[in-house]
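Below: the structure, in structure tokens.
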Amino acid sequence: TAVNNTDELLEDVFVYYKTLHTDGNFFGGITYRVDFGDLEPGASAQTLAGHYRSGGTEIVRVGWAGQ
């Protein structure tokens with residue numbers, strides 16, 4: 001779930017994430033991305049993030065167009 005906590009339209013919101021190895025290092029060179037589209041102020045959006053595992057994945061970047 002992504003939430004726009006600003007008072008501005010956020011266009012083309014995206015999140016990059018990586019899988020963590022049990023030793024705390026990133027596993028492999030793959031970085032996954034999920035897109036949330038445009039988010040109006042105060043709005044939220046949900047999307048399915050393949051390969052995401054609670055406790056075993058780290059978000060490495062959140063961004064949007066014009067950032």
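Among pairs with a residue in residues 42-62, those fulfilling side chain to side chain donor-acceptor pair (under 3.5 Å) read Thr1-Gln46, at least two apart in sequence or across chains.
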Less than 3.5 Å apart, which donor and acceptor atoms pair up between the side chains of residues 18-38 and the rest of the protein, not counting sequence neighbours?
from	atom 1	to	atom 2	distance (Å)
Lys18	NZ	Ile30	O	3.1
Lys18	NZ	Thr31	OG1	3.2
His21	ND1	Asp23	N	3.3
His21	ND1	Asp23	OD1	3.4
Asp23	OD1	Asn25	N	2.9
Asp23	OD1	Asn25	ND2	3.3
Asp23	OD2	Asn25	ND2	3.2
Arg33	NE	Asp35	OD1	2.8
Arg33	NH1	Tyr16	OH	2.9
Arg33	NH2	Asp35	OD1	2.9
Asp38	OD1	Asp12	N	2.9

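With rounding to the nearest 0.5 angstrom, the CG atom of Asn4 is 4.0 Å from the CG atom of Leu10.
Tyr17 and Val3 fall into different hydrophobic clusters, where Ile, Leu, Val, Met, Phe, Trp and Tyr side chains are chained together by heavy-atom contacts under 4.5 Å.
Applying the side-chain contact (heavy atoms from CB on, under 4.5 Å) test to Glu40 and every residue at least two apart in sequence or in another chain returns Leu9, Ala43.
Among all heavy-atom pairs drawn from Trp64 and Phe14, the shortest one is N-CE2, 3.5 Å.
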